[in-house]
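Written out below as structure tokens is the structure these notes cover.
Given the structure is predicted, the values throughout are model-derived calculations rather than measurements.
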Amino acid sequence: MLRRADAHGLPRGDATTTGRGTLAETVGAADRVVWDDTNRWYPALLAAGGRVERAYDLRLSRAILRRSALTAGTPFATRPPGEWDALGAAPAGPDPTLPARPDALFELGGATPRGQVAPSDLDPLPELADQLAALAGATGPDAPGRLRLLVAGESAGALVAAEMHHAGLPWRADVHDEILAGVLGPRPRPGERPARMEELARTIRAAIDAPPTLNPDSHPDLLKALQYAGVGTRSLRKGDLERLDHPVVEPLLEYKRLQRLLTANGWTWLDTWVRDGRFRTEYVVGGVVTGRWSSSGGGALQLPRQVRRAVVADPGWKLVVADAAQLEPRVLAGLASDERMADAGRGVDLYAGIVASGAVASREHAKVGMLGAMYGGTTGDSALVLPRLARAFPDAIALVERAARAGERGESVTTRLGRSSPGPGEAWHAAQTGAYAAEGADGAEGADASARARAQTRAWGRFTRNFVVQGTAAEWALCWLASIRRRLWELGTGDVAGAAAEPLARRAHLVFFLHDEVVVHAPESLVDDVAAVVAAAAEEAGRLLFGDFPVDFPLSVAVVDDYAQAK
DNA sequence: AAATTTCGCGCG
DNA sequence: AAAGCGCGCGAAATTT
């Protein structure tokens with residue numbers, strides 16, 4: 001069931017019951033759609049050549065409003081969990097241009113996974129009314145406005161995610177194969193190691209006098225063999241191995257590097273995830289508690305730099321790659337209204353600005369210091385320069401410290417637009433009270449328990465410390481994405497061949513998003529406009545979050561033929 | 001045999 | 001021993 005709504009999100013006209021077949025006609029004239037789950041409707045609509053201008057995603061918005069501290073006093077937030085809370089995300093797709101995902105558990109219209117409610121059973125109208133009431137009842141500075149912006153951004157993100165899945169990331173399988181063959185040797189037969197890796201395996205065995213049966217992929221066996229050969233290591237981590245002085249280290253690190261490429265982004269990956277020159281992943285909007293996106297399929301948010309050369313624009317097209325420079329510290333400056341940090345960020349390089357302010361001696365110190373402040377680092381250079389940063393930027397540092405203390409007390413924290421962190425959970429509380437009981441007891445066990453509890457306390461403080469920054473940065477990114485999407489559409493079609501029936505075929509469109517970075521696939525004739533669009537959108541995002549507070553969000557923008565050229 | 005855990009590494 | 005935040009994924013080991 002769908003419902004027409006006006007520009008304020010208020011229902012207009014009668015409810016419409018529709019099947020997917022008639023969806024394109026049904027929403028064709030609507031300026032805004034409210035639906036249970038973007039993933040359930042939008043892929044088919046896109047496949048039918050449709051597009052939605054604006055949407056309200058009830059599932060995603062509900063998740064935010066049920067937990068937000070800003071709506072905590074409303075009946076909506078305090079009601080016990082209901083059917084809408086059990087609503088699982090629909091799978092993205094099916095996309096007619098792509099065969100079913102190899103591991104797809106179910107298809108649209110098929111069985112509903114255990115424990116999840118089929119959305120068709122639920123009436124969106126009362127749910128929408130409830131959510132609008134919760135929004136209206138939000139409390140705090142600018143409360144309704146901020147939360148409305150957040151749910152609008154989250155919903156727009158869902159549109160972007162579905163559209164990116166539909167369009168796919170241009171991917172040249174032949175270039176990818178070239179990269180693999182260059183490093184690993186030609187594609188081996190199934191079950192065999194690539195030539196270069198087999199060679200390295202032999203070198204590794206020779207260096208530690210191991211039998212030819214030693215499989216370097218077996219951690220326990222390899223670790224034992226290393227210890228037997230007198231290589232003093234207790235792990236196989238790259239960082240640990242690098243510190244060792246032994247002839248086996250170099251071939252072993254090289255082997256691991258190749259093994260990683262082969263298993264994560266090798267020929268199997270190519271066969272599985274690239275079809276007809278496109279890589280399609282499923283973006284999971286709000287997949288991270290902080291509001292960041294995650295992805296499912298192909299490890300899309302971990303594409304190694306090594307293979308990005310295979311991301312190539314179509315003939316007559318370019319990739320416009322834009323990333324926000326030092327997004328998180330800038331967001332922190334805005335969150336804390338720290339004018340001195342905002343000043344330091346006036347240029348393209350905030351860390352250089354911090355050095356210029358005299359707070360620290362080097363860019364590296366500025367960087368590890370800020371990262372430590374936002375992550376809760378307590379060791380090394382990061383801890384060393386923190387006091388200097390705290391003196392130079394007291395407001396910013398105080399904000400993350402407050403967030404950490406709140407987490408240590410078991411309280412939740414909230415982003416700029418109103419996304420609140422989850423509580424620490426039962427095990428955490430149990431450890432706290434358990435440790436309290438153990439304090440009185442003598443002996444190593446009591447001390448142990450309370451040490452563990454303290455470590456957990458601090459760990460949750462680091463989580464909430466980071467939550468406010470990472471979560472607000474994710475909100476900035478949502479606003480950025482939504483603005484880019486709207487502005488790209490307004491650019492219209494480029495001077496390029498393409499099917500007229502396909503809305504994106506001749507328009508610049510988003511094809512990739514990675515936390516603080518976007519890739520737009522654009523007809524050559526539009527690249528200057530696209531570069532202007534992403535910059536204007538970044539400015540708009542900053543204004544939406546921080547109003548008149550003068551914090552800048554500069555971008556680095558590259559117009560390239562392949563993704564690897566961007567950095 | 002299937003499900004779950006461990007380790008490690010890629011990305012921001 | 002733990003260790004600065006957030007993730008997804010694959011192979012081998014381990015458990016059921």
Side-chain angles (χ1 to χ4, degrees), chain A residues 103 191 193 215-224 233-242 252-253 255-266 268-269 272-273 281-284 286-308 323-329 331-332 367-386 400 403-404 407 413 415 421-422 447-448 451-452 454-456 458-474 476-477 512-518 563 567:
Chain A
D103 57 345
R193 277 199 189 90
N215 174 9
D217 300 331
S218 167
H219 284 178
D221 292 357
L222 179 58
L223 200 52
K224 265 180 244 159
T233 182
R234 51 194 204 306
S235 89
L236 296 173
R237 276 193 292 273
K238 190 166 72 172
D240 289 345
L241 293 174
E242 275 165 353
L252 180 52
L253 287 173
Y255 181 90
K256 284 164 64 77
R257 203 173 66 84
L258 298 189
Q259 167 75 352
R260 168 75 192 183
L261 176 64
L262 176 69
T263 56
N265 298 97
T268 307
W269 183 93
T272 309
W273 296 112
T281 192
E282 181 178 341
Y283 290 95
V284 184
V288 181
V289 278
T290 57
R292 271 189 175 182
W293 295 10
S294 60
S295 72
S296 170
L301 305 190
Q302 304 119 253
L303 288 179
R305 293 178 178 280
Q306 219 176 349
V307 302
R308 293 189 183 182
D323 78 278
Q326 308 97 36
L327 176 59
E328 293 199 347
V331 160
L332 174 55
K367 185 175 177 178
V368 301
M370 282 311 300
L371 289 177
M374 294 183 296
Y375 293 165
T378 56
T379 57
D381 282 350
S382 157
L384 219 60
V385 299
L386 187 60
V400 285
V413 295
T415 59
S421 66
D448 218 49
R452 268 201 310 275
R454 273 200 305 278
Q456 281 189 31
R458 283 192 298 267
W460 200 255
R462 288 193 298 276
F463 167 66
T464 52
R465 169 197 293 269
N466 187 247
F467 184 96
V468 291
V469 179
Q470 188 183 117
T472 304
W476 182 91
F512 194 59
F513 168 60
L514 185 50
H515 308 317
D516 59 358
E517 178 175 352
V518 294
Y563 194 10
K567 285 198 232 200

What is the nucleic acid contact for [X], judged by heavy atoms within less than 4.0 Å: base, sugar-phosphate only, or nothing?
X      : value
A:S382 : base
A:G372 : base
A:G298 : sugar-phosphate
A:V289 : sugar-phosphate
A:R257 : nothing
A:L303 : sugar-phosphate
A:R292 : base

*Could you list the residues that satisfy side-chain contact (heavy atoms from CB on, under 4.5 Å) with A:K224, not counting sequence neighbours?*
A:D221
Please report the distance, rounded to the nearest Å, between [atom1] in [X] and [atom2] in [N].
X      : N      : atom1 : atom2 : result
A:E328 : B:dG12 : CD    : C1'   : 8 Å
A:D217 : B:dG8  : CG    : P     : 14 Å
A:R260 : B:dC9  : CZ    : P     : 9 Å
A:E517 : B:dG12 : CD    : P     : 6 Å
A:D240 : B:dG8  : CG    : P     : 8 Å
A:K256 : B:dG8  : NZ    : P     : 7 Å
A:Q259 : B:dG10 : CD    : P     : 12 Å
A:H515 : B:dG10 : NE2   : P     : 16 Å

On a whole-Å scale, what distance lies between the [atom1] atoms belonging to [N] and [M]?
N     : M     : atom1 : result
B:dC9 : C:dA1 : C1'   : 22 Å
C:dA3 : B:dC7 : P     : 16 Å
C:dG4 : B:dT6 : C1'   : 22 Å

Between [X] (side chain only) and [Y] (backbone N and O only), is there a donor and an acceptor less than 3.5 Å apart?
X      : Y      : value
A:S421 : A:V413 : yes
A:T281 : A:G297 : yes
A:R465 : A:A373 : yes
A:T464 : A:G461 : yes

*Taking only the side-chain nitrogens and oxygens of A:R305, find out if one of them lies under 4.0 Å from OP1 or OP2 of B:dG12.*
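Checking A:R305 against B:dG12: at least one side-chain N or O falls below 4.0 Å of OP1 or OP2.
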_Ionic contact status for A:R257 with A:E242, cut-off 4.0 Å_ =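 Not counted as a salt bridge, because no side-chain N and carboxylate O are separated by less than 4.0 Å.
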_Is it the case that over 12 heavy atoms from other parts of the model lie below 6.0 angstrom from the NZ atom of A:K256?_
yes
*For DNA chain C, note the earliest and the latest nucleotide, 5' to 3', having some atom under 4.0 Å of a heavy atom belonging to chain A.*
C:dA3 to C:dA13
*asked:* Quick one, A:N265 with A:W273, criterion side chain to side chain contact (heavy atoms under 4.5 Å, CB included). Give me CA distance, side-chain angles, the key distance, then yes/no.
replied: CA-CA 10 Å; A:N265 298 97; A:W273 296 112; over 6 Å; no
*Tell me, do A:H219 and A:L222 make a side-chain contact under 4.5 Å, heavy atoms counted?*
no
*Within-4.5 Å side-chain heavy-atom neighbours: A:F463 and A:P422*: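 Sidechains of A:P422 and A:F463: in contact.
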_Using heavy-atom distances to pick each residue's nearest nucleotide on DNA chain C, tell me which of A:N215 and A:R234 is more 5'._
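Closest to the 5' end, via its nearest nucleotide, is A:R234.
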*Along DNA chain C (nearest heavy atom to each residue), the more 5'-positioned of A:Q470 and A:R237*: A:R237
*To the nearest 0.5 angstrom, please state how far the CG atom of A:L262 sits from the CH2 atom of A:W269.*
13.5 Å
*Let me have DNA chain C in dot-bracket notation, would you? Count Watson-Crick plus G-U wobble pairs, both distances under 3.5 Å, and use [ ] for pairs crossing earlier ones and | for inter-strand partners.*
....||||||||||||
